[in-house]
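Written below as structure tokens is the structure these notes are about.
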Amino acid sequence: MPSYDVLNPQQQQAVTAPLRPTLVIAGPGSGKTRVLTHRIAYLIQHEHIPPASILAVTFTNKAAMEMRNRVDDLLAADGAPEKSGAVRLGTFHANCARILRREANALPFNHDFVIYDDSDQISLTRQISKDLGVDTKKFNPRKIHALISRAKNELVTAEYFPSDSYLMEITRRVFEQYEKRLLYNNALDFDDLLLWTVSLLRDAPLVQAKYREMYPHILVDEFQDTNTAQYALLSALTQPQPDLFVVGDPDQSIYRWRGADIRNVQRFKEDYPDAQTILLEQNYRSTQTILDAAMAVIDRNTNREVKKLFTDLGQGEPIYLQEAYDETDEARNVVDTVRRLTRKGDFQLGDIAVMYRTNAQSRPLEDAFFQAGLNYRLVGAQRFYGRREIKDIIAYLRITHNTRDEISLLRVINTPARGIGAKTIATLQEMSAQQDLPLADILQHIADEEPLMLNTFSSRAQRALAHFNYLWKDWRELSDSLPLAVLMDRILEDVRYQDFLEDGSEEGEERWANVLELRAAADEFADVGLGTFLEHVALVSDQDTLTEDQDAPTLLTLHAAKGLEFPVVIIIGLDDGVLPHMRSMDDPEAMAEERRLFYVGITRTMKRLYLFRAFRRRLGGSSGPTETSRFLRDLPLDLLEGDRPRRTSWHENAYKRTTRWEPPGSSQPASLRFRAGMRVRHASFGEGIVLQSEARQGDEEVTITFEDGRTKHLLASLAKLTILSEA
DNA sequence: GCATCGGATTTTTTT
DNA sequence: AATCCGATGC
């Protein structure tokens, strides 16, 4: 795309809209980013707005960076002397963290606060539940925390948390403690970043005035996925008729479960009745076939404004459907497709993306790519920063930065094992609670051999604690003077972390390699310091780690695909229960979101779209037959090629793939003894699985794949087959 | 205090 | 299937 793009009339209208509330409803591929970047350049260049008074909120840090680059390109292309450097560009969370650190003196925590990620939040919830005597078996800390998080996203504090059921009452109590403990640990969770900023702005008029003045021009990307707290934040930051420019697409809202509320779009219209609404419908990304399919899918959702997506890129190729036997087979189909597409040089490897509903689905894909000797780029999955060894090292760094971070302290105080066992830790915690002193202080007292502490611990435990305290103190003293990576080396050495990991197993080697990778990352933060590094670690997203430098297919979830585009898209797992996901089946709102998710996936496609499914799939532990995703049946047949989107039945398609098919309804009656998916035993071939079975001149021909890999066509009347299990 | 084993429980998506 | 938790035995 040229750095200075030609804008269509609607885009032009949006870019040059008056500096008042503006809502841009942007269909997929309609040049949303183009509009945002041009708008920023326009503000700077034509409205002579100082870059520093512009705040632009994006969904990921990567999007922020890209936007900055593109704004700079635009400014440079026009010979403008300004740069975008001073524009405040980042996610809601990153911007809030920044404000909170700066204003910490007006808040009940100090500017060194750490940010608790998901697993820290769960740990804390679990600990509190235990302290309160809540049965964590019956009341899963995960679920409790989800309720707390939801409340916080809705700006509901513990005080106002409804307790209309036993579960809610339990949650309310945990919630109360949870908030206290966060503050006590000088820690904030993700939700706090938004929440504290909102309350700061609401309760401190001077601070509010300051930031209103600082950022009179605000732009928000992916507005459809803002939650209540984020909306409140925008309201608190703006005057009654602000220059608030929001861009979004209700059809692409896929974060309801995280508190995102599409109604914010409606709310915006109500709160700013004079807001100009601009609709971008022309698509510059996809072929008309892709758009027709996308519309066929999304039009089934109710309560939405129908958009007519159109393109002048032409009809393009049909969408290709393929049904595999199981997820391994499906993955092989992916690899075959990748090979076929790239062999003739029509597409580069990097042009291709494989998308799926759940991270677990990446596994068979990775195996298949590995076997085929193909590289791939994996977004997310087992998040790097979520790995055990990485969390350990981060925890060490965190306690060095913020001595009150108890969750991190408890994580590493005995990792690697150093003789500080559960009993000792419990005693420590008791003392801390009794004397109302942070654990760090207790440790120091013990190390100082204060008489009060002497008889509480065995001399062995005491020595272990004193030693740990000694190391810890050392790190704290060094943390200011040593470069980050050197500090990390020191910690690793002090605790003999390498020995701890490298137990001779391959896994251990891998984990140590991860640690070294973290060290390399830390090296890049040498001059900004520990605090910045820790914040970075807490706030990077999966998408942020996606680099363009490798010519390889991208593997990612549909959620992570938001905002991206690829010449070729392969969406796998189009089975009922996977997409739409099982957990959404009983909730119409959730189902609508599954549909939007599919819509997002389809509309990432520029040229070629492949929709794959597996007839049989392993879900969790066991595997069983699946049914074709109901979404597939919404696709107009004339857009499709390959297998037919029928309810089930690998067997009907496997051996007679056609390029075009006759309309459904011509299949055989179901009076056969064997059905695809059954397990059977044959006297000489052993156990096998029925692939297909069809009527043949009064008899039944059964196709079976046996355990040894052989596939046989047998006549039911002749072969001695025992049915072991129905499908 | 620690290692190991068994069992339960889980996984949807993520800033 | 994988992880995480808790109990058990050393």
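Quick note on labels: first sequence line is chain A, next is B, and so on, each numbered from 1.
For K562(A) and dT14(B), the NZ to P distance is 12 Å, given to the nearest whole Å. Remark: C1' of dT3(C) and CD1 of I122(A) are 14 Å apart, rounded to the nearest angstrom. Here the P atom of nucleotide dA1(C) and the CD atom of E327(A) are 10 Å apart, to the nearest Å. Remark: P of dT14(B) and CD of E222(A) are 15 Å apart, rounded to the nearest angstrom. One interatomic measurement links the two molecules: CD1 of I420(A) to P of dG1(B), which rounds to 9 Å at whole-angstrom precision. In this entry the distance linking NZ of K152(A) with P of dT14(B) reads 21 Å, nearest Å. Separating the CZ atom of R511(A) from the P atom of dT3(C) is a distance of 8 Å, rounded to the nearest angstrom. Atom P of nucleotide dA1(C) and atom CD of E366(A) are separated by 17 Å, given to the nearest angstrom.
Considering only side-chain N and O atoms, R126(A) lies under 4.0 angstrom from the phosphate OP1 or OP2 of dC5(C). Remark: K130(A) is in phosphate contact with dG6(C), judged by side-chain N or O atoms under 4.0 Å from OP1 or OP2. Between R418(A) and dG1(B), a side-chain N or O to OP1/OP2 separation shorter than 4.0 Å is absent. At the phosphate of dG1(B), neither OP1 nor OP2 sits under 4.0 Å from any side-chain N or O atom of R460(A). OP1 or OP2 of dA2(C) has at least one side-chain nitrogen or oxygen of R363(A) nearer than 4.0 Å. Applying the 4.0 Å criterion to OP1 and OP2 of dT14(B), one finds that N359(A) has a side-chain N or O inside that range.
Closest to the A417(A) side chain, of the nucleotides dC2(B), dA1(C), dT14(B), is dC2(B). Closest contact between the side chain of Y255(A) and the listed nucleotides dT14(B), dT11(B), dT15(B) involves dT14(B). Among dG1(B), dT11(B), dC2(B), the nucleotide with an atom closest to any side-chain atom of A461(A) is dG1(B). Closest contact between the side chain of A560(A) and the listed nucleotides dT14(B), dC2(B), dT15(B) involves dT14(B). Here the nucleotide nearest the side chain of N140(A), chosen from dT10(B), dA2(C), dG6(C), is dT10(B). Distances were taken from every side-chain heavy atom of T424(A) (C-beta onward) to each of dT14(B), dA1(C), dG1(B); the shortest belongs to dG1(B).
Not counting sequence neighbours, the partners of A331(A) by the side chain to side chain contact (heavy atoms under 4.5 Å, CB included) test are P364(A), L365(A), A368(A).
Within the nucleic acid shown, D117(A) has no heavy atom closer than 4.0 Å to any nucleic acid atom.
Ring centers of W472(A) and Y396(A): at least 6.0 Å apart, outside the cut-off.
Not a single donor-acceptor pair under 3.5 Å links the side chain of E535(A) to the backbone N or O of T532(A).
Comparing R583(A) and Q230(A), the nucleotide of DNA chain B nearest to each residue sits closer to the 5' end for R583(A).
R181(A) pairs in a salt bridge (Lys or Arg N to Asp or Glu O under 4.0 Å) with only one of the listed residues (D120(A), D405(A), D131(A)), which is D131(A).
Donor-acceptor pairing under 3.5 Å is lacking for the side chains of T626(A) and R616(A).
Centre separation under 5.5 Å together with a plane angle under 30° holds for the ring of W257(A) and the six-membered base ring of dT13(B), marking them as stacked.
Within the structure, the salt bridge (charged side-chain N to carboxylate O under 4.0 Å, His left out) test picks out the following pairs touching residues 218-227 of chain A (sequence neighbours left out): K32(A)-D221(A), K32(A)-E222(A), E222(A)-K562(A), D225(A)-K562(A).
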